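Below: one structure, written as C-alpha cells.
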Amino acid sequence: MNARHLEVFRAIMRHNSLTAAAEALHVSQPAVSKMLRHFETVIGYKLFERIGGRLVATPEAHLLFRDADRIFREIEVLKIYSNRIRDKQLSLLRVAASAPPTFALLPAATWRFRRRNPGARLVLQTLPAEEVTERILIGDIDLGLTMTILPEPQIRNEVVGAADIVALVLPESPLARLQMVTPADLVNQTLISYGTNTPAGQMLARVFRDQGSVYDPQIEISLSIAAAPLVSAGLGVALVDGLVPWAKLGNLKVLPFQPRSTLDIVLVTSTTLPQSRFGREFARDIQAAIHDLGRGKASQTMTTS
C-alpha cells in the first residue's frame with residue numbers, strides 16, 4: 001500500500017465513479033481501474049462491486065475509508081507545508097471567514113496586524129463554514145472565523161464572541177415603529193432568513209416554537225448579507241445576525257429581535273498543526289476587534305474527537 005493507492009481509493013469513494021475519480025485526478029479511467037485492481041490485490045479483498053451498472057463500495061471499503069481519508073489529508077498537509085518552506089512563505093498567513101465576520105471584523109483585525117507586521121503577506125478569503133473546515137483540515141488555511149461550531153475531528157473551536165439576531169425592515173414599514181420585533185409580529189409577513197437545514201435556522205425554529213409560532217421563511221438565504229438587497233426591494237422582513245454593519249448597506253432600519261437570540265463567533269484552527277506566531281497574533285487582533293464592537297464573551301474552546 002502506498003500514497004497513490006490511498007489517493008485513488010479516496011477519489012473513487014468521494015466521487016462514486018471511476019470516470020469522475022479519473023477526471024479529479026487528471027488521469028485516464030483505465031489508469032484508475034488498474035491502480036484500484038492493484039490496490040485490491042495488495043490488501044487481499046474487494047473494495048467495490050458492480051451492481052446494476054453502478055459502482056458500489058463494499059462494507060470493507062467503508063471501514064477503510066475513514067482512516068484512509070485522514071491519512072491522505074495528513075499527507076496533503078505535509079505536502080503543502082513542504083511547499084511553503086520551499087517557496088519561503090513562512091511569513092504568509094492565510095485566513096478564511098464567513099461573510100458576517102469578513103465585513104464586521106476582518107478590516108479592524110487586519111489594520112492592527114498590518115501595523116505591527118507590514119512585511120507579512122496576508123491572504124483573506126470569504127468562504128462557507130463547511131469549506132473553512134475542509135481547508136483547515138488539509139492545511140490550506142491557518143485560521144478560520146465562522147458563526148457556527150464546526151463539529152469535525154481535528155478542529156478546535158474557540159467561541160470568542162456572540163452576535164444578536166436582528167430584524168431588518170424598510171423605514172416605511174409598519175414594523176419600523178416598533179421598539180423590537182417578536183415572532184408574533186412576523187405573522188402574515190414575508191420572512192427572509194436562514195433555512196432550517198442550517199444551525200442558525202434551527203436555532204430560530206426553536207425560538208419560534210417556544211413562543212407558540214412557526215418559523216417558516218418564505219425566502220431562504222445561505223449568506224446573511226444577501227438579505228439587504230431583498231429587504232431594500234420590499235420583498236419582506238429579514239431575521240439575520242447583527243454582526244454585519246447593516247446601516248451601511250442600504251436604507252434599512254435595524255430592530256432588536258426578542259426573545260434575545262445569538263449566534264456564536266468562533267475562531268477555528270487545526271488541532272494537529274501548530275499555530276504560527278502570525279496566526280496567534282491575528283487571533284488576538286480578531287478578539288480585540290470583537291471587544292471594540294462590544295460583542296465579546298468569555299472564551300470557550302471545544303474540540304470534537
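Just so you know, these numbers come straight off a predicted model, no measurement behind them.
- Residues that satisfy the side chain to side chain contact (heavy atoms under 4.5 Å, CB included) test with Arg280, not counting sequence neighbours, are Gln275, Arg277, Arg284.
- Side-chain atoms of Arg114 come within 3.5 Å of backbone atoms of Ala120 as a donor-acceptor pair (strictly under, hydrogens ignored).
- Leu235 and Val231 fall within a single hydrophobic cluster, where Ile, Leu, Val, Met, Phe, Trp and Tyr are joined by side-chain heavy atoms under 4.5 Å apart, directly or via other members.
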Q: Just do the side-chain contact (heavy atoms from CB on, under 4.5 Å) check on Asp264 and Thr148 with the steps written out, would you?
A: CA-CA 6 Å; Asp264 290 329; Thr148 183; over 6 Å; no
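- Hydrophobic cluster membership differs between Val187 and Leu168, with clusters built from Ile, Leu, Val, Met, Phe, Trp and Tyr side chains linked at under 4.5 angstrom.
- Using a 4.5 Å cut-off on side-chain heavy atoms (C-beta onward), Val166 and Leu255 make no contact.
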Per-pair distances, 0.1 Å, donor-acceptor, side chain in residues 122-130, under 3.5 Å, sequence neighbours excluded:
from	atom 1	to	atom 2	distance (Å)
Gln125	OE1	Arg135	NH1	2.9
Thr126	OG1	Thr102	OG1	3.2

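- Listed by chain and number, the hydrophobic cluster partners of Val56 are Ile51, where partners are ILVMFWY side chains within reach of under 4.5 Å, directly or through others.
- Note that CZ of Arg209 and CZ of Arg206 are 7.5 Å apart. Values are rounded to the nearest 0.5 Å.
- Heavy-atom minimum distance, Gln258 versus Pro183: O-CD, 3.2 Å.
- Hydrophobic cluster membership of Leu63, counting Ile, Leu, Val, Met, Phe, Trp and Tyr whose side-chain heavy atoms lie under 4.5 Å apart directly or via other members: none, as it forms a cluster of its own.
- A single hydrophobic cluster is seen to contain both Leu223 and Leu252, as judged by linkage of ILVMFWY side chains at heavy-atom distances under 4.5 Å, directly or through other members.
- When atom types are taken as modelled, the side chain of Glu40 and the backbone of Leu47 share a donor-acceptor pair closer than 3.5 angstrom.
- Side-chain atoms of Thr272 and Ser270 include a donor-acceptor pair closer than 3.5 Å.
- In this structure, Tyr45 and Thr58 have side chains that are not in contact, with every pair of non-hydrogen atoms separated by 4.5 Å or more.
- Pro107 is linked by a side chain to side chain contact (heavy atoms under 4.5 Å, CB included) to nothing, counting only residues two or more places apart in sequence or in another chain.
- Closest heavy-atom contact between Pro171 and Asn251: CD-O, 3.3 Å.
- How far CG of Asp164 is from CG of Leu263: 9.0 Å, rounded to the nearest 0.5 Å.
- Applying the side-chain hydrogen bond (donor to acceptor under 3.5 Å, both in side chains) test to every pair with at least one member in residues 170-183, sequence neighbours left out, gives these pairs: Thr182-Asp185.
- Applying the side-chain hydrogen bond (donor to acceptor under 3.5 Å, both in side chains) definition to pairs two or more places apart or across chains, those involving residues 22-33 are Thr19-Gln29.
- When side chains are defined from C-beta on, Val42 counts as touching His38, because their heavy atoms get closer than 4.5 Å.
- The side-chain heavy atoms of Met203 and Ile165, taken from C-beta on, include a pair separated by under 4.5 Å.
- Considering only residues two or more places apart in sequence or on other chains, Lys34 meets the salt bridge (Lys or Arg N to Asp or Glu O under 4.0 Å) condition with none of them.
- Contact check for Thr190 versus Val237: no side-chain heavy atoms found under the 4.5 Å cut-off.
- Remark: the backbone N or O of Phe65 is not paired with any side-chain donor or acceptor of Arg10 at under 3.5 angstrom.
- At a threshold of 4.5 Å between side-chain heavy atoms, the hydrophobic network of Ile, Leu, Val, Met, Phe, Trp and Tyr places Leu143 and Ile138 in two separate groups.
- Counting only distance, with no hydrogens or angles, the side chain of Arg112 and the backbone of Glu281 share no donor-acceptor pair below 3.5 Å.
- In this structure a side-chain-to-backbone donor-acceptor pair under 3.5 Å is missing from Asp142 to Leu93.
- The side-chain heavy atoms of Val207 and Pro259, taken from C-beta on, include a pair separated by under 4.5 Å.
- The salt bridge (Lys or Arg N to Asp or Glu O under 4.0 Å) test applied to Asp285 returns Arg116, not counting sequence neighbours.
- Among all heavy-atom pairs drawn from Ala162 and Ile265, the shortest one is N-CD1, 3.7 Å.
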Q: Apply the test side-chain contact (heavy atoms from CB on, under 4.5 Å) to residues Val160 and Val266: give CA-CA distance (whole Å), side-chain angles for both, the deciding distance (0.1 Å), then the verdict.
A: CA-CA 6 Å; Val160 292; Val266 187; over 6 Å; no
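- We find the CZ-CZ distance between Phe9 and Phe48 to be 5.5 Å, quoted to the nearest 0.5 Å.
- In this structure, the side chains of Leu25 and Val8 come closer than 4.5 Å at one or more pairs of heavy atoms.
- Defined by atom type and a distance below 3.5 Å, a donor-acceptor pair is present between the side-chain atoms of Asp241 and Ser224.
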Q: Tell me, with the steps shown, if Tyr215 and Ser193 meet side-chain hydrogen bond (donor to acceptor under 3.5 Å, both in side chains).
A: CA-CA 10 Å; Tyr215 178 71; Ser193 196; 3.0 Å; yes
Q: Could you walk me through whether Leu273 and Ile136 pass side-chain contact (heavy atoms from CB on, under 4.5 Å), step by step?
A: CA-CA 10 Å; Leu273 290 174; Ile136 286 180; over 6 Å; no
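- The two residues Ser213 and Ala184 have their closest heavy-atom pair at OG-N, 4.2 Å.
- Atoms CG and CH2, from Leu106 and Trp111 in turn, are 15.5 Å apart once rounded to the nearest 0.5 Å.
- In this view, Gln189 satisfies the side chain to side chain donor-acceptor pair (under 3.5 Å) rule with no residue, not counting sequence neighbours.
- Residues meeting the side chain to side chain contact (heavy atoms under 4.5 Å, CB included) test with Ala21, sequence neighbours left out: Ala11, Ile12.
- A heavy-atom distance below 4.5 Å is found between the side chains of Phe103 and Pro245.
- Ring-plane geometry between His5 and Phe39 is classed as parallel, the angle between the planes falling under 30 degrees on a 0 to 90 degree scale with a further cut at 60.
- Atom CD1 of Ile43 and atom CD of Glu60 lie 9.0 Å apart (nearest 0.5 Å).
- Taking Ser222 as the reference, nothing meets the side chain to side chain donor-acceptor pair (under 3.5 Å) condition, with sequence neighbours excluded.
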(Q) Apply side-chain contact (heavy atoms from CB on, under 4.5 Å) to residues Ile221 and Ile192 and explain how you reach the verdict. (A) CA-CA 7 Å; Ile221 53 174; Ile192 302 166; 4.0 Å; yes
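- No donor-acceptor pair under 3.5 Å is formed between the side chain of Lys253 and the backbone N or O of Leu170.
- Phe278 and Phe113 have perpendicular rings, their planes meeting at more than 60° on a 0 to 90° scale where under 30° would count as parallel.
- The CG atom of Leu55 sits 13.0 Å away from the NE2 atom of His15 when rounded to the nearest 0.5 Å.
- Using modelled atom types, one finds no donor on one side chain facing an acceptor on the other under 3.5 Å when comparing Arg156 with Thr271.
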